[in-house]
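Every chain is numbered from 1 and lettered A, B, ... according to where its sequence line falls, protein lines coming before strand lines. None of these values were measured; they are calculated from a predicted model.
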Amino acid sequence: MSLQLYNSLEGKKQEFIPLEEGKVGMYVCGVTVYDYCHVGHARVMIVFDVMYRWLKQSGYDVNYIRNFTDVDDKIIARAAERNIDIQVLTNEMIAEFHKDMDALGCLRPSLEPRATTHMPAMITMIESLIKHGNAYVSDSGDVLYAVRSFEGYGKLSGKNIDDLESGSRVDVDESKRDTLDFVLWKKAKAGEPSWDSPWGEGRPGWHIECSAMSCEHLGHTFDIHGGGMDLKFPHHENEIAQACASNDGQFARYWLHNGFVNINAEKMSKSLGNFFSIREVLKKYHPEVLRMFILGTHYRSPLDFSDSALDVAKAGLDRLYETKRRLKKIGINELIPAFITNDVFEKAMNDDFNTPEALAKVFSLNKEINKRMDAGLDVFDDDLLIKFSTMLGLLAIVKVDADGWFQGVDSDLVSAIENLIVERAVAKKSRDFARADAIRDALAVQGIVLEDSATGTTWKRG
RNA sequence: GGCAGGGUGGCCAAGUGGUAAGGCAGAGGUCUGCAAAAUCUCCAUCGCGAGUUCGAUUCUCGCCCCUGCCUCCA
C-alpha cells in the first residue's frame, strides 16, 4: 500500500507522490527561540520525527528542514528584560531546544536554518512581491502584503476575506489598505536589532521567514510542509500567498497539520499559561513516556495532557520493557532493527501515519513473543524479533536497557537490594517463607517489587 | 457571526456499509511456597432523531454538546 497523507490543502487523504522520484523535501515550522519548549512543541517535533523516520524507512531520500525564528517581538522583549543581546538569548535557547529534542529521541533535521542568516532571500522575495503588485510600502514605513491582490487567499484555511473581516479582532491600522494585510518588513525602532534593506533599516515579518527559507533550501515547489494546527491561519496561509505570488509556482504540495495538546480539554499555550515545559515533565517521567503518550493518539487529533495519561503511557511501555527483559534473561541482549516490519504495521503507517494503530501491532507482536517464550519455542521464527525491534526503532521507543528502565542507576541501592535478594533466596531454599516474605515486604515498602522465576529473582521499582 | 475538527466500553484510543484493534483499569483460570510478571478467558452496539440501504457506528439531513482558528501561538 502506498503512503496516503491527509492534505489540509484539499481537506482529504491523498496518495503521496513526490515531486522527484525517491526524494522528499519536507519543511516544518520550528520554534521562536525565546524560552524553553513545552509539551505542545514536543508533539510537533515527535510527530514529524516519526514521519521523517518512516519516509526514510520507505526508501526516500528526505531533505528535512526545520527553522528557528530568531528575531521577533518576543525575543527582543525577553532579551531586553534580561539585558542581553538577542543573539545571546537565541543561541542559548537553541542549545536548550537541542537538549530537549535529543532527550526526546528526535533525529536532527537535515538543516535548521535561522531567520537572521537568510535576510537576502527574504529581501529578494519582498522585492519580487512589490514588483508584482502584491506588496506596498505603507505610510508608517513598513512593507505590507496586500491580501486582496492574491486570488487564492484563504484556500488553505477555508476562509474568505470578507468572512475574516467581519469577525476580525485585528486592531484597525490606518496605514493598512486592508485590515488583513500583514507585515513583510518592519521598519526599525530605536534600539531594536535591524538589517539594511531597500526600505531602510528594519527586520522581517514572521511569515516571510518561512516562505523564504523553505524556497531557499527546497526550491519553490516542494513536497511537504508541516506544523501545528494553529499555524494554518494566518501563518501558512500567508506563506502560500507570499511564495506563490512571488514565483508563480505551486509552493508546498502537501500540508500536514498536527492537533494540539490540551489540558482539561483546553489548548495548552503560553498565552493561557496552562503549559508544562518539556524539561519539567522529564523530571517526573522518562522521555520515552512522553513519546509513547504522544504516539498513542493520531497526530491530527487533540491530545489531552495529564499525569494519569502519562501513567497509562508508562504502563504500556513497562509491558514492552518486561518483554525486553525476558529476552535479555534468555541471552538476547540487544534488539537489532533490520528494517523489516510487518504488513499491518506498514499499512498503519502508510495510512496517514496512524501511530496508534501501529502501536497496537507492536503490542500484538509483543504478546506473540511472550507466548513463544512461555511455550519454550524459538522466538527467532518468522523474523519475529527483527520485526519487533524494527517497529520499536521506527517509533524510537524501548531504547534503553531493560534492567535500567526498571531499576534506575543508583548503584549503592542496587547492590543493597541484590544482597537482600540473595539472603531471601537462601531463606526460600530452607523453606523459611516467613523470612523470605519479610524481605520482600520490606523492599515493597521502599517501592521495590520482586519477581521470582525459574531462573532466579529480578526486581524493579513499583 | 464565519470556518474547521470532534462526540466509540470505567478511562485512553483505532477502525469499518454486514453487528467493534490495542493500551490502562477490573473479574476469573494457568503458573508460583504465596505473590509479582507472563499467558488464557470475560467485559461496548459506537451523542440524539430521521432518511438512503437487504443491512449503518460507518453515507445523507436535522438537532444537541465539546474544542480550535478568525490577534501572537506548535
Enquirer: Counting only distance, no hydrogens or angles, is the base of A37(B) paired donor-acceptor with the side chain of Arg325(A) under 3.5 Å?
Expert: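 Absent.
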Enquirer: Look at the aromatic rings of Trp405(A) and Tyr321(A) and report parallel, tilted or perpendicular, splitting at 30° and 60°.
Expert: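 Parallel.
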Enquirer: Less than 6.0 angstrom from the centroid, inside 45 degrees of the normal: does Lys13(A) satisfy that with respect to the ring of Tyr6(A)?
Expert: no
Enquirer: Output the rounded distance in Å from CD (Glu357(A)) to P (A21(B)).
Expert: 11 Å
Enquirer: If I pick the C1' atom on G26(B) and the same atom on U19(B), what distance separates them, to the nearest angstrom?
Expert: 25 Å
Enquirer: Anything under 30° is parallel, anything over 60° is perpendicular, the rest tilted; go ahead and classify Tyr27(A) against His225(A).
Expert: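 Plane angle between 30° and 60°, so tilted.
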Enquirer: Identify whether any heavy atom of Glu451(A) sits under 4.0 Å from a base atom; if not, whether one sits that close to sugar-phosphate; answer base, sugar-phosphate or nothing.
Expert: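 If one applies the 4.0 Å heavy-atom cut-off, Glu451(A) turns out to touch a base.
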Enquirer: Classify Thr323(A) by what it touches in the nucleic acid, base, sugar-phosphate, or nothing, heavy-atom distance under 4.0 Å.
Expert: nothing
Enquirer: Tell me: CD1 of Ile448(A) to C1' of A36(B), nearest whole Å?
Expert: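 These atoms are roughly 14 Å apart.
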Enquirer: With a non-hydrogen cut-off below 4.0 angstrom, is His235(A) in contact with a base, only sugar-phosphate, or nothing?
Expert: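 The answer is nothing, as His235(A) stays clear of every strand by at least 4.0 Å.
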Enquirer: Is Phe363(A) stacked on the base of G22(B), meaning ring centres closer than 5.5 Å and planes within 30 degrees of each other?
Expert: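 Answer is no, no stack.
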Enquirer: Within a 6.0 Å radius of atom CG on Asp441(A), are there more than 12 heavy atoms belonging to other residues, nucleotides or ligands?
Expert: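 Check passes, neighbour count above 12.
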Enquirer: Both conditions, 6.0 Å and 45 degrees, for the charged tip of Lys270(A) above the ring of Tyr34(A): are they met here?
Expert: yes
Enquirer: Classify Phe233(A) by what it touches in the nucleic acid, base, sugar-phosphate, or nothing, heavy-atom distance under 4.0 Å.
Expert: sugar-phosphate
Enquirer: Checking base pairs now: Watson-Crick or wobble, both atom distances under 3.5 Å. What partners G10(B)?
Expert: C24(B)
Enquirer: Name the nucleic acid region contacted by Ala315(A), choosing base, sugar-phosphate or nothing; use a 4.0 angstrom heavy-atom cut-off, strictly under.
Expert: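 Sugar-phosphate: the residue Ala315(A), judged by heavy atoms under 4.0 Å, touches backbone atoms but no base.
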Enquirer: Any strand counts, and the cut-off is 3.5 Å on both contacts for Watson-Crick or G-U wobble. Which nucleotide pairs with A4(B)?
Expert: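 U67(B) - that is the nucleotide pairing with A4(B), both distances being under 3.5 Å.
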Enquirer: Under 3.5 Å, is there an N or O donor on one side and an acceptor on the other linking the side chain of Asp452(A) and the base of C34(B)?
Expert: yes
Enquirer: Specify whether His38(A) and Phe275(A) have parallel, tilted or perpendicular ring planes, treating 30° as the upper limit for parallel and 60° as the lower limit for perpendicular.
Expert: tilted
Enquirer: What is the distance, to the nearest angstrom, from the CD1 atom on Ile397(A) to the C1' atom on G23(B)?
Expert: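 Roughly 12 Å, once rounded to whole Å.
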Enquirer: Regarding Thr458(A), tell me which of base, sugar-phosphate or nothing describes its non-hydrogen contacts under 4.0 Å with the strands shown.
Expert: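 Nothing, no heavy atom under 4.0 Å.
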Enquirer: At 4.0 Å (heavy atoms only), tell me whether Met45(A) reaches a base, stays on the sugar-phosphate, or touches nothing.
Expert: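 Nothing, no heavy atom under 4.0 Å.
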Enquirer: For Gly11(A), answer base if it contacts any base atom (sugar-phosphate contacts may also be present), sugar-phosphate if it contacts only those atoms, and nothing otherwise; contact means non-hydrogen atoms under 4.0 Å.
Expert: nothing
Enquirer: Taking any heavy-atom pair under 4.0 Å as a contact, classify Leu450(A): base, sugar-phosphate, or nothing.
Expert: base
Enquirer: C40(B) P sits how many Å from Lys367(A) NZ, rounded?
Expert: 5 Å
Enquirer: Does C3(B) have its OP1 or OP2 closer than 4.0 Å to a side-chain nitrogen or oxygen of Asn160(A)?
Expert: no
Enquirer: Think Ser306(A) has a side-chain N or O under 4.0 angstrom from the OP1 or OP2 of C11(B)?
Expert: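 The answer is no; no side-chain N or O of Ser306(A) sits under 4.0 Å from OP1 or OP2.
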Enquirer: Any donor-acceptor pair under 3.5 Å between the side chain of Asp437(A) and the base of G33(B)?
Expert: yes
Enquirer: If you take atom types as modelled and just measure distance, does the side chain of Lys159(A) reach the base of C69(B) with a donor-acceptor pair under 3.5 Å?
Expert: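 Indeed, a donor on one side and an acceptor on the other fall under 3.5 Å apart.
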Enquirer: With a 4.0 Å cut-off on heavy atoms, is Gly40(A) in touch with a base, just the backbone sugar-phosphate, or nothing at all?
Expert: base
Enquirer: With a 4.5 Å cut-off on side-chain heavy atoms, are Met122(A) and Pro204(A) touching?
Expert: yes
Enquirer: What's Lys428(A) touching, base or sugar-phosphate or nothing? Going by heavy atoms closer than 4.0 Å.
Expert: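 Result for Lys428(A) = base.
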Enquirer: Please report, rounded to the nearest Å, how far the P atom of U71(B) is from the NE2 atom of His207(A).
Expert: 10 Å
Enquirer: For Arg461(A), answer base if it contacts any base atom (sugar-phosphate contacts may also be present), sugar-phosphate if it contacts only those atoms, and nothing otherwise; contact means non-hydrogen atoms under 4.0 Å.
Expert: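 Answer is nothing: Arg461(A) stays at 4.0 Å or more from every strand.
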